[in-house]
Protein chains: 2
Amino acid sequence: MNTPLIEKTCGVADSRAVAAKLAALSHPARIEILRHLSASRSCCCREVVDHLDLAQSTVSQHLKILVDAGLVRYEPDRQRSRYQVDGDALADVSASLAALVNSCCSGR
Amino acid sequence: MNTPLIEKTCGVADSRAVAAKLAALSHPARIEILRHLSASRSCCCREVVDHLDLAQSTVSQHLKILVDAGLVRYEPDRQRSRYQVDGDALADVSASLAALVNSCCSGR
DNA sequence: TTCGTTCATCGCCTATCGCCGATAGACGAT
DNA sequence: ATCGTCTATCGGCGATAGGCGATGAACGAA
């Protein structure tokens with residue numbers, strides 16, 4: 001909820017990292033998935049499929065992208081799969097963007 | 001700097017809009033461009049080219065993407081072009097992401 | 001065992017991205 | 001008028017994204 005440490009470095013590597021996280025968020029379906037995951041507790045792939053009107057394989061790939069980006073946690077549970085939003089990671093991304101925006105607007 | 005109105009709708013159209021803005025930000029070169037634009041006052045295309053080690057046409061396209069997304073203002077000035085960060089629009093994106101993250105973490 | 005369900009992965013296809021060089025328009029300077 | 005500079009845009013290229021159906025593994029139920 002708060003920017004823990006205001007980074008002044010702003011290197012190119014930083015840009016890459018931030019861009020990668022934002023890329024994972026830059027698709028309507030993935031944002032919808034995040035919303036659904038946070039709203040419901042069950043979080044299995046099938047449920048997201050029913051909610052989203054996309055093929056199961058497509059949803060699975062979107063989920064994988066979110067997991068690879070570190071924004072969603074994955075845990076296999078019997079034949080089901082359990083996906084859960086990583087609130088801390090999500091907050092980090094938001095904080096990174098806020099820091100970028102802040103540094104862009106400070107000298108204005 | 002503050003979320004003007006906390007939106008509770010969270011519709012799919014909303015997801016599209018947010019995703020589009022984030023997509024414009026999800027490239028290292030464009031983030032670097034934003035940083036450079038905010039750091040310097042001049043903001044002509046050539047300067048960004050010198051700073052970024054990319055072809056002029058490529059930089060021009062990145063700038064166009066940022067302008068189309070509404071994150072950078074464009075104003076032709078003689079034979080130069082003037083690009084300037086739209087701080088308010090950038091703040092809006094940051095606020096939108098923060099709202100999304102907040103809604104995802106509230107029920108936890 | 002056999003069937004049904006759930007899921008991740010593979011292969012394929014199309015559309016878009018990201019990059020570049022080339023080009024043409026606009027404009028200041030000579 | 002001519003030259004040099006700065007831009008935006010076009011066309012082409014390879015790589016990636018995003019979609020789908022099919023498939024096989026895993027597992028519970030009958």
Side-chain angles (χ1 to χ4, degrees), chain A residues 12-13 15-34 36-37 40-85, chain B residues 12 15-37 40-85:
Chain A
V12 177
S15 297
R16 282 184 182 278
V18 176
K21 300 275 189 181
L22 292 180
L25 291 172
S26 67
H27 194 287
R30 292 197 283 273
I31 292 183
E32 280 300 306
I33 288 177
L34 281 182
H36 188 68
L37 287 188
S40 82
R41 281 288 179 188
S42 54
C43 315
C44 77
C45 180
R46 176 73 201 290
E47 201 187 35
V48 181
V49 172
D50 291 343
H51 177 66
L52 220 54
D53 192 45
L54 281 174
Q56 179 267 330
S57 57
T58 305
V59 172
S60 186
Q61 285 183 114
H62 281 306
L63 283 166
K64 179 174 171 56
I65 289 172
L66 289 170
V67 170
D68 288 346
L71 304 178
V72 164
R73 282 190 298 268
Y74 165 69
E75 182 187 5
D77 178 21
R78 322 276 177 120
Q79 79 272 36
R80 298 285 177 94
S81 57
R82 293 185 41 79
Y83 290 97
Q84 192 172 357
V85 172
Chain B
V12 177
S15 297
R16 282 183 182 276
V18 176
K21 302 273 188 183
L22 293 179
L25 290 172
S26 66
H27 194 284
R30 292 197 283 273
I31 291 183
E32 280 301 305
I33 288 177
L34 280 183
R35 287 207 173 111
H36 187 69
L37 288 187
S40 81
R41 280 291 179 187
S42 53
C43 315
C44 78
C45 180
R46 176 72 200 292
E47 201 188 33
V48 181
V49 171
D50 291 342
H51 177 66
L52 220 53
D53 192 46
L54 282 173
Q56 179 266 328
S57 56
T58 304
V59 172
S60 186
Q61 286 184 109
H62 279 307
L63 284 166
K64 180 175 171 56
I65 289 172
L66 289 170
V67 170
D68 288 345
L71 304 178
V72 164
R73 281 190 298 269
Y74 165 68
E75 182 186 6
D77 178 22
R78 322 279 176 119
Q79 79 274 37
R80 298 285 178 92
S81 57
R82 292 185 41 79
Y83 289 97
Q84 193 172 357
V85 172

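We name chains A, B, ... by the order of the sequence lines, and we start the count at 1 in each one.
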Inset, instruction - Identify which nucleotide among D/dG28, C/dC19, D/dT7 has an atom closest to any side-chain atom of B/L54, counting heavy atoms from C-beta outward. - result: C/dC19

Legend entry - Length of the line joining B/D77:CG and C/dA26:C1', which is rounded to integer Å: 13 Å

Inset, instruction - Would you indicate whether B/D77, at its atom CG, is surrounded by more than 12 heavy atoms from other residues, nucleotides or ligands within a distance under 6.0 Å? - result: yes

Legend entry - Phosphate OP1/OP2 of D/dC6 contacted by B/R46 side-chain N/O (<4.0 Å): yes

Inset, instruction - Give the rounded distance in Å between these two atoms: NZ of B/K64 and P of C/dG18. - result: 14 Å

Inset, instruction - Test B/H62 against every option in B/I33, B/V67, B/V48 by the side chain to side chain contact (heavy atoms under 4.5 Å, CB included) rule and name the one that passes. - result: B/I33

Inset, instruction - Could you pull out the closest heavy-atom pair between A/R30 and A/A24, with the gap in Å? - result: NE-O, 2.7 Å

Inset, instruction - Using a cut-off of strictly less than 4.0 Å, decide whether B/Y83 has a side-chain nitrogen or oxygen near OP1 or OP2 of D/dA8. - result: yes

Inset, instruction - Nearest whole angstrom, please: distance from the P of D/dG4 to the CZ of B/R80. - result: 18 Å

Inset, instruction - Take atom CG of B/L63 and atom P of C/dC19, then tell me their distance rounded to the nearest Å. - result: 12 Å

Inset, instruction - Specify the separation, in whole Å, of atom CZ of B/R16 and atom C1' of D/dG18. - result: 13 Å

Inset, instruction - Using a 4.0 Å heavy-atom cut-off across all strands, classify B/R30 as base, sugar-phosphate, or nothing. - result: sugar-phosphate

Legend entry - Rounded interatomic separation in angstrom, taking CG from A/L52 and P from D/dC20: 10 Å

Legend entry - Side-chain N,O (B/H62) to OP1/OP2 (C/dC19) below 4.0 Å: yes

Legend entry - Phosphate contact (D/dG21 OP1 or OP2) by A/S57 side-chain N/O below 4.0 Å: no

Inset, instruction - Kindly say if B/Y74 contacts the phosphate of D/dA8, meaning a side-chain N or O under 4.0 Å from OP1 or OP2. - result: yes

Inset, instruction - Rounded off to whole Å, could you give me the CD-to-C1' distance for the A/E75 and C/dC7 pair? - result: 15 Å

Legend entry - Residue A/A55, side-chain atoms from C-beta onward, closest of C/dT9, D/dC20, D/dT7: D/dC20

Legend entry - Closest-nucleotide ordering on DNA chain D, the 5'-leading residue of A/Q61 and B/E47: B/E47

Legend entry - pair B/R35-A/S15: side-chain heavy atoms closer than 4.5 Å: yes

Inset, instruction - Return the 5'-most residue of the pair A/Q79, A/T58 with respect to DNA chain D, ranking by each residue's nearest nucleotide. - result: A/T58

Legend entry - Candidate nucleotides D/dC20, D/dT9, C/dG28, ranked by approach to the side chain of B/Q56 - the nearest: D/dT9

Inset, instruction - For D/dG19, take OP1 and OP2 only and decide whether either is under 4.0 Å from a side-chain N or O of A/H27. - result: yes

Inset, instruction - Round to a whole Å and report the spacing from CG of A/L66 to C1' of C/dC7. - result: 16 Å

Inset, instruction - Kindly indicate whether the side chain of B/L25, heavy atoms from C-beta on, has any atom under 4.5 Å from the side chain of B/L34. - result: yes

